[in-house]
Amino acid sequence: MTLCKRLFAFLASYGLSVALLLLLMALVFFGTLEQTRIGLFEAQRRYFESFLVIHPLFGFFPLPLPGGYLLLGLVFVNMVCGGILTAPKRLARPGLVIAHAGVAYLIAAGFVTYHYAVTGNLPLFEGEQGSHFQSYFDWEIRITETGTGSAGRQFVIPVDAFAHVGAGGGLQVLRADQLPFDLRVSRYLVHSRPAHGGGPWSVDGVTLEELPRQQTAENNVPGVNVTLSGDSPSMGLLWGMERAPWRVVVDGHEYAINLGRREWRLPFTLRLDKFNHETHPGTGIASHFSSEMTLIEGESMRNVVIRMNEPLRHKGYTLYQASWGSSDAREGARLYSVLAVSRDPAGKWPMYASCVISLGLLLHFTQMLLRYLRRQRAQEM
Amino acid sequence: MKRLCLSAVLAASLIWGCSRETGPLEISEIRHVPVEERTTPPEVSTAARLGLDPQGASSPHHAHMTMPAELGDGFDASLLCWHPPEGWQQGPDRPMRLATFIPESTTGTECAVSVLAGEAGGVPANVNRWRAQLELVPLTTAEFDELSVWPLLGTKATFLEIEGVLTSPASGASAPVTVYGLICPLPDHTLFVKMTGPTVEMAGERDRFEAFCRSIHFRKEHSE
């Protein structure tokens with residue numbers, strides 16, 4: 001047997017299926033336990049979006065485990081090889097092949113969502129309109145050409161491009177042909193705050209102190225040390241909650257550099273006309289809330305209402321009613337509504353996959369039942 | 001089988017190596033900013049830009065601090081004094097507040113002092129308003145009567161400690177939050193001291209909050 005055949009036989013084997021399912025069970029178990037310590041976002045990242053994870057068993061024993069990304073990739077291959085390619089394909093018994101194809105489809109949906117979906121939120125006060133939404137977790141550095149006569153370009157660097165630099169220091173050079181300088185990121189802190197102080201990382205007597213990561217990932221406020229290359233290199237600090245961007249002038253051109261939550265522009269504009277909410281009697285807990293909005297696209301305008309469990313789907317975006325505020329607003333106070341925005345190319349794939357799996361299993365079990373009944377009838381005769 | 005394992009290790013190494021690329025990166029995402037948003041930011045110091053304002057912030061070791069005069073609705077705030085505990089820094093001025101303090105080594109914790117005219121709705125209403133902010137049900141009369149009462153400014157102040165959940169306006173996410181509050185009715189005004197922060201940070205601030213509240217006093221010439 002050639003190496004390829006042996007490899008294929010291994011990937012299609014029941015043994016691999018059982019091993020993968022056991023490992024997935026262990027991963028879910030340990031990941032769920034660890035989530036209480038490190039928070040949901042970090043547990044998801046370390047255990048389920050990774051190739052390899054080292055779990056601290058009993059708090060100190062390092063137990064290496066394959067990560068969820070690797071395991072689900074292997075389950076997909078195992079499902080395709082064992083459940084579809086090598087499965088007996090008879091028109092009389094199509095159920096299991098269809099069900100396995102559905103599971104593979106479900107995993108593919110997860111892959112597409114993980115790599116290509118974006119989610120964020122759009123907070124709007126009554127009377128306010130917006131056409132971009134921001135991420136809950138991801139950040140970006142923006143270099144914006146400012147001042148009169150500027151081209152108004154904004155160069156955007158997602159956090160993934162420099163996060164590996166870390167708190168201990170490193171270097172990531174970022175450049176664009178249209179910029180007269182390189183931006184060098186030399187330090188990245190996941191959660192930080194500014195403080196007066198000296199040291200190698202300080203700028204103008206101010207430094208960024210590293211803080212322990214928050215369990216709730218959206219509460220982390222990152223900070224970076226950056227340097228602009230050029231004839232007179234200048235150092236700057238960028239912080240997620242800074243009051244104003246860092247202003248620099250290079251070759252007579254003005255730039256504003258800042259660190260902010262990742263933003264995406266919507267292909268339409270939404271205006272919040274009225275926000276309605278009701279709370280459970282005697283509490284501040286919302287029982288029902290909805291946003292009456294105007295959807296603006298060029299010259300066309302139409303009224304839409306977004307309610308709890310009744311999202312607006314438009315041009316590939318889904319907008320849900322997520323929350324509102326402020327929770328302590330007095331009677332007549334101006335309220336704001338927070339819409340959760342999602343753009344997921346595979347948003348409906350899990351539903352389709354569930355239908356495919358259900359169809360396959362229904363066919364299979366119906367056939368099994370019919371076969372059983374036929375046998376019973378034959379025995380009785 | 002050995003070759004199989006070797007191939008798997010090699011593939012894993014390649015994937016691991018690719019994810020740690022540190023060479024120069026070309027910025028590929030370029031947006032267009034509307035003309036009205038191309039404003040030049042103010043030229044300010046790094047400290048001011050990052051929210052550290054040396055002029056506005058006082059030393060945490062400042063022994064004796066007073067409120068700015070005539071803040072509040074007709075209340076002569078200059079008559080009040082207090083001693084902020086070690087480790088608290090005075091924050092920048094905020095609307096509707098006489099003072100804000102931020103404990104060192106905290107990220108989202110602050111203590112606000114404010115004075116409102118009259119009863120400001122009354123102590124029970126304000127206690128329940130703070131509870132509602134943390135998505136908690138109002139206290140019954142019996143529960144309210146069990147709250148601690150501290151002697152302060154010649155009268156009795158109600159202290160409360162609340163643990164609940166606060167929803168972030170920006171993200172809609174909820175997080176466990178603790179509030180220490182003190183409400184002190186005065187003859188024509190009500191004094192509020194409210195400290196809010198993530199529960200993990202607030203655990204170590206309880207004693208300092210109490211020490212701060214107990215340090216609040218009128219200047220000697222005051223005869224209210």
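Within every chain, numbering begins at 1; the chains are lettered A, B, ... in the order of the sequence lines, protein sequences first and strands thereafter. Reckoned from all heavy atoms, side chains included, excluding hydrogens, waters and symmetry mates.
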(message) Any side-chain to backbone donor/acceptor pair from Gln172(A) onto Gly23(B)? Under 3.5 Å, distance only.
(response) yes
(message) Report which part of Ala340(A) has an atom under 4.5 Å of a heavy atom belonging to chain B: side chain, backbone, both, or neither.
(response) neither
(request) Measure across Arg31(B) and Glu263(A) and return the closest heavy-atom pair with its distance rounded to 0.1 Å. (result) NH2-O, 2.7 Å
(message) Report, in residue-number order, which members of residues 201-209 of chain A are under 4.5 Å from chain B by heavy-atom distance.
(response) Val203(A), Asp204(A), Val206(A), Leu208(A)
(request) Show your reasoning for whether side chain to side chain contact (heavy atoms under 4.5 Å, CB included) applies to Leu183(A) and Ile27(B). (result) CA-CA 10 Å; Leu183(A) 186 81; Ile27(B) 302 170; 5.7 Å; no
(request) Under 4.5 Å heavy-atom distance to chain B, tell me which part of Ser150(A) shows up: side chain, backbone, both or neither. (result) both
(message) Looking at Leu237(A), is its backbone amide N or carbonyl O close enough to the side chain of Arg49(B) to form a donor-acceptor pair, meaning the two atoms are under 3.5 Å apart?
(response) yes
(message) Check this for me, if you would: do Arg193(A) and Glu104(B) make a salt bridge, where the nitrogen-to-carboxylate-oxygen distance has to be below 4.0 angstrom?
(response) no
(request) Heavy atoms only, distances under 4.5 angstrom: which of Gly120(A), Ala256(A), Ala244(A) has the most pairs with chain B? Name it, please. (result) Ala244(A)
(message) Minimum heavy-atom separation for His196(A) and Ala47(B), please, with both atom names.
(response) CE1-CB, 4.2 Å
(request) Sort Leu70(A) into side chain, backbone, both or neither according to what part of it lies under 4.5 angstrom from a heavy atom of chain B. (result) neither
(message) Counting only non-hydrogen atoms closer than 4.5 Å, does Asp160(A) touch chain B with its backbone (N, CA, C, O), its side chain (CB onward), both, or neither?
(response) neither
(request) Look up atom CG in Leu50(B) and atom CH2 in Trp239(A), then write down how far apart they are to the nearest 0.5 Å. (result) 7.5 Å
(request) Answer with side chain, backbone, both or neither: which region of Arg184(A) has an atom nearer than 4.5 Å to a non-hydrogen atom of chain B? (result) neither
(request) Indicate yes or no: at least one non-hydrogen side-chain atom of Arg175(A) is less than 4.5 angstrom from one of Glu26(B). (result) yes
(request) Would you mind checking if Arg142(A) and Glu29(B) are paired as a salt bridge, meaning a charged N to carboxylate O distance below 4.0 Å? (result) no
